[in-house]
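Here is the structure we will look at.
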Amino acid sequence: DDKKEIPIELVRSVTASTRLKTISGTNVSSVIFIEDAQLLSLPAQNALLKDLEEPPAGVVYILTATSEYNVLPTIASRSQRIVVQPISSNVANRFFIGQYNAEQIQSAWLLSQGSVGLMTELLKDGAQHQLKEAVEEIKHILKLPMYERLIAIENSSSVKGKLEVLLLAAERIMASLHHSAIAKNNYSQASALLLKRRKLQILQKQLVSSANKRLISIQLALTL
C-alpha cells in the first residue's frame, strides 16, 4: 500500500522463489503477478530481465503498467503486450452511477482518458489523488511567468517520482484542451495543442530512459 517504488530486493526474492520445484499436473505451475510494474526501480527491472527472457519451466510472469513506455524497452520487448482499451463516457456512467455523482464520474473519465484502473483510483481517492493534485499544480504553473515557471517545476521535480506525475498531468490537461478545440472547430489551436501533447509524450519516454531530469523539467516548462 502507498508504494512509491518496487525495490530490487523484492524482485530478487521473487526470482529466487521461481527456482523452487513445484509439482503440477499442468504446463504452468507458478504465476508471478507484478502490479504497477512502472514502479519497478531501474535495478529491479534489470534484475527481472533474465527471467523474462528465459523464464524457468512452468513459470509465467504477468505485469501491469500504465504504459509500455513506462518500463524499460527491454522489458516491453520481452513481453507479450495486451492493451486494455479505454472505456467510453457512457460505459463509465452506467458502471459508476449510484456510487458517485455524474460530475465526479465525468471529471475522473476526462482525467483518466477512459483508463479503467486510473479512473477507479481517481474516484476512490478524490481530490487527494496525486494526479489530481498534480493537475492543480500544473494549472497554477501555467499562470506564472516563464522564469517563475522554471523555478516552480524544478523545485517540485526534486521530490522523488514527482516529475513523472507532473508530465502525466500536463499531458492530460493538453489532451482536454485539444479535444475542446476540436469540438469548437478551432483547428489552428488544436494543431498547436497536438504538438505540445507529442512533446510531452516524448519527455515521458525520455524520463523512463533515465535522461537528465533537470533538462526534462526545463523542457516541460518550455513546452507549457
**Prompt:** Are any non-hydrogen side-chain atoms of P86 and Q113 less than 4.5 angstrom apart?
**Reply:** no
**Prompt:** More than 12 non-hydrogen atoms from neighbouring residues, nucleotides or ligands closer than 6.0 Å to CZ on F33, yes or no?
**Reply:** yes
**Request:** Using a strict 4.0 Å threshold on nitrogen-to-oxygen distance, state whether E137 and K162 make a salt bridge.
**Result:** yes
**Asked** When rounded to the nearest 0.5 angstrom, what is the spacing between CD1 in I97 and CD in Q104?
**Response** 9.5 Å
**Complete:** Rounded to the nearest 0.5 angstrom, the CG-CE distance for L111 and M119 is 10.5 Å
**Prompt:** Are L193 and I141 joined in one hydrophobic group, where the rule is that I, L, V, M, F, W and Y side chains link up if heavy atoms are under 4.5 Å apart?
**Reply:** yes
**Audit row: L200, T223, side-chain contact (heavy atoms from CB on, under 4.5 Å) steps and yes/no** = CA-CA 7 Å; L200 290 168; T223 300; 4.0 Å; yes
**Asked** Do the side chains of D36 and Q38 get nearer than 4.5 Å, heavy atoms only?
**Response** yes
**Fill in**
When rounded to the nearest 0.5 Å, the distance separating CD1 of I105 from CZ of F95 is 10.5 Å
**Asked** Run the side-chain contact (heavy atoms from CB on, under 4.5 Å) check on L118 and H129 step by step: do they pass?
**Response** CA-CA 10 Å; L118 180 56; H129 192 279; 3.9 Å; yes
**Message:** Could you see if L40 belongs to whatever hydrophobic cluster contains V59? Use Ile, Leu, Val, Met, Phe, Trp, Tyr and a side-chain cutoff under 4.5 Å.
**Reply:** yes
**Item:** Where I8 and A47 come nearest, the two heavy atoms and their spacing
**Value:** CG1-CB, 3.9 Å
**Prompt:** Distance from K199 atom NZ to L194 atom CG, nearest 0.5 Å?
**Reply:** 11.5 Å
**Complete:** For L224 and A170 the tightest heavy-atom approach is CD2-CB, 3.9 Å
**Message:** Using side-chain heavy atoms (C-beta onward) and a distance below 4.5 Å, is W109 in contact with L123?
**Reply:** no
**Asked** Side chains of L166 and S157: does their closest heavy-atom pair fall under 4.5 Å?
**Response** yes
**side-chain contact (heavy atoms from CB on, under 4.5 Å) assessment of L48 paired with I34** = CA-CA 11 Å; L48 191 61; I34 302 177; 3.9 Å; yes
**Request:** Could you grab the distance from atom CG of L49 to atom OG1 of T15, nearest 0.5 Å is fine?
**Result:** 11.5 Å
**Request:** May I ask whether L42 and L63 are part of the same hydrophobic cluster, defined by side-chain heavy atoms of I, L, V, M, F, W, Y residues being less than 4.5 angstrom apart, directly or through others?
**Result:** yes
**Item:** Student check: side-chain heavy atoms of L163 and L220 closer than 4.5 Å
**Value:** yes
**Request:** Check whether any side-chain N or O of S112 sits under 3.5 Å from a backbone N or O of A108 as a donor-acceptor pair, and report yes or no.
**Result:** yes
**Asked** Hey, is the main chain of N155 close enough, under 3.5 Å, to the side chain of S158 for a donor-acceptor pair?
**Response** yes
**Fill in**
Of all heavy-atom pairs linking H178 and A190, the shortest is CD2-O, 3.3 Å
**Asked** Q204 and L167: which non-hydrogen atoms are nearest, and at how many Å?
**Response** CG-CB, 3.8 Å
**Message:** Quick check on the hydrophobic clustering: are L110 and Y100 connected, directly or via other members, by side-chain heavy-atom contacts under 4.5 Å?
**Reply:** yes
**Message:** Strictly distance-based, threshold 3.5 Å: is any side-chain N or O of S156 a donor or acceptor partner for the main-chain N or O of A152?
**Reply:** no
**Message:** Tell me if a side-chain donor or acceptor on S79 pairs with a main-chain N or O of I75 at a distance below 3.5 Å.
**Reply:** yes
**Asked** Hey, is CD on Q99 packed in by over 12 heavy atoms from elsewhere, all under 6.0 Å?
**Response** yes
**Asked** How far apart are the C-alpha atoms of R149 and M146, what are their side-chain angles, what is the distance that settles it, and do they pass the side-chain contact (heavy atoms from CB on, under 4.5 Å) test?
**Response** CA-CA 5 Å; R149 187 182 295 181; M146 180 54 71; 3.9 Å; yes
**Request:** To the nearest 0.5 angstrom, please state how far the CD1 atom of I62 sits from the CD1 atom of I32.
**Result:** 10.0 Å
**Request:** Examine distances only and state if a side-chain atom of S17 and a backbone atom of V14 form a donor-acceptor pair shorter than 3.5 Å.
**Result:** yes
**Short side-chain to backbone donor-acceptor contact, S191 and S188, under 3.5 Å** = no
**Item:** E136/K139 salt bridge by N-O under 4.0 Å criterion
**Value:** yes
**Message:** Count I, L, V, M, F, W, Y as connected when their side-chain heavy atoms are under 4.5 Å apart, and connections chain through other members. Are L195 and L222 then in the same cluster?
**Reply:** no
**Message:** I'd like to check Q45 versus V11 (side-chain heavy atoms, cut-off strictly below 4.5 Å). Are they in contact?
**Reply:** no
**Message:** Closer than 3.5 angstrom, by distance alone: can the side chain of E54 be matched with the main-chain N or O of D51 as a donor-acceptor pair?
**Reply:** no
**Message:** In the structure I gave you, are the side-chain heavy atoms of Q189 and L177 within less than 4.5 Å of one another anywhere?
**Reply:** no
**Prompt:** Which atom names give the shortest non-hydrogen contact between A65 and V71, and what distance separates them?
**Reply:** CB-CG1, 4.2 Å
**Message:** Using a 6.0 Å cut-off, check whether atom NE2 of H140 has over 12 heavy atoms from anything other than its own residue.
**Reply:** no
**Message:** Is it the case that the side chain of S77 and the backbone of P73 share a donor-acceptor pair, with hydrogens and angles ignored and the cut-off at 3.5 Å?
**Reply:** yes
**Prompt:** Do L203 and Q219 have side-chain heavy atoms sitting under 4.5 Å apart?
**Reply:** yes
